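What follows is a short report on a single structure.
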Amino acid sequence: MSDYEEEVSKMSFEESIKTLEELVKELENGGIDLDRSLEIYERAVILRNRCQTILDESERRIQKIMESAGGVRTESFDVE
């Protein structure tokens, strides 16, 4: 695990999203060299994976709560 991956693993969902948005803005503004663009892309992928992990864990928690609140009831959480 890289230092950045370790740093990201300690971030909350909100912190991860905010950092991801900042990286996207930097890419959109342009004027950066290829090496920096690749670095930003790599960090963005790490942040995106962190956000997905948090969302997956949250979905599992919701399903457990629903199961314990009166029987099994599973609903899809489709995001469009």
Side-chain angles (χ1 to χ4, degrees):
M1 180 180 287
S2 71
D3 290 341
Y4 190 70
E5 286 174 308
E6 188 173 330
E7 178 184 335
V8 169
S9 73
K10 296 174 185 173
M11 289 182 177
S12 69
F13 181 79
E14 292 77 13
E15 291 170 326
S16 298
I17 287 289
K18 183 176 185 237
T19 304
L20 183 56
E21 288 172 346
E22 291 168 357
L23 291 175
V24 169
K25 284 179 188 175
E26 187 175 347
L27 276 176
E28 288 176 343
N29 287 337
I32 55 177
D33 62 23
L34 179 60
D35 287 335
R36 178 65 182 147
S37 295
L38 290 172
E39 179 185 345
I40 290 171
Y41 182 76
E42 181 178 15
R43 288 178 175 219
V45 168
I46 292 168
L47 286 161
R48 180 244 173 240
N49 291 343
R50 172 69 177 151
C51 290
Q52 188 62 55
T53 297
I54 292 170
L55 290 173
D56 290 344
E57 289 171 0
S58 297
E59 182 177 357
R60 281 191 291 278
R61 286 182 63 198
I62 289 169
Q63 287 177 347
K64 283 178 95 173
I65 292 167
M66 290 172 61
E67 288 171 5
S68 68
V72 178
R73 184 176 152 211
T74 303
E75 296 181 20
S76 177
F77 291 98
D78 294 329
V79 178
E80 295 182 29

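Please read these numbers as outputs of a predicted model, since none were measured by experiment. We're numbering straight along the sequence, starting at 1.
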List, by chain and number, the other hydrophobic cluster members for Ile65, where Ile, Leu, Val, Met, Phe, Trp and Tyr join if side-chain heavy atoms come within less than 4.5 Å, directly or indirectly. none

Listed by chain and number, what are the side chain to side chain donor-acceptor pair (under 3.5 Å) partners of Glu57, not counting sequence neighbours? none

Check which hydrophobic residues are tied to Met1 through side-chain heavy-atom contacts below 4.5 Å, counting indirect links as well, and list them. none

Which residues share a side chain to side chain donor-acceptor pair (under 3.5 Å) with Glu7, sequence neighbours left out: none

Kindly give the heavy-atom pair with the smallest separation between Arg50 and Ser16, and that separation in Å. CG-OG, 3.6 Å

What pairs with Asp3 under side-chain contact (heavy atoms from CB on, under 4.5 Å), at least two apart in sequence or on another chain? none

Across all chains, not counting sequence neighbours, the salt bridge (Lys or Arg N to Asp or Glu O under 4.0 Å) partners of Lys10 are Glu6

Sequence neighbours left out, what passes side-chain contact (heavy atoms from CB on, under 4.5 Å) with Glu15? Give chain and number order. Met11, Ser12

Could you work out the complete set of other residues in the hydrophobic cluster of Tyr41, with links drawn between I, L, V, M, F, W and Y side chains under 4.5 Å apart? Val45

Side chain to side chain donor-acceptor pair (under 3.5 Å) evaluation trace for Ser2 with Glu5: CA-CA 5 Å; Ser2 71; Glu5 286 174 308; 3.3 Å; yes

Contacts of type salt bridge (Lys or Arg N to Asp or Glu O under 4.0 Å), residue Arg43, not counting sequence neighbours: Glu39

If you group Ile, Leu, Val, Met, Phe, Trp and Tyr whenever their side-chain heavy atoms sit less than 4.5 Å apart, what else falls in with Phe13? Ile17, Ile54, Leu55

Show every donor-acceptor pair shorter than 3.5 Å between a side-chain atom in residues 26-33 and any protein atom, with sequence neighbours excluded, or say none if there are none.
from  : atom 1 : to    : atom 2 : distance (Å)
Glu26 : OE1    : Arg36 : NH2    : 2.9
Glu26 : OE2    : Arg36 : NE     : 2.9
Glu26 : OE2    : Arg36 : NH2    : 3.2
Asn29 : ND2    : Lys25 : O      : 3.3
Asp33 : OD1    : Asp35 : N      : 3.4
Asp33 : OD1    : Arg36 : N      : 2.8

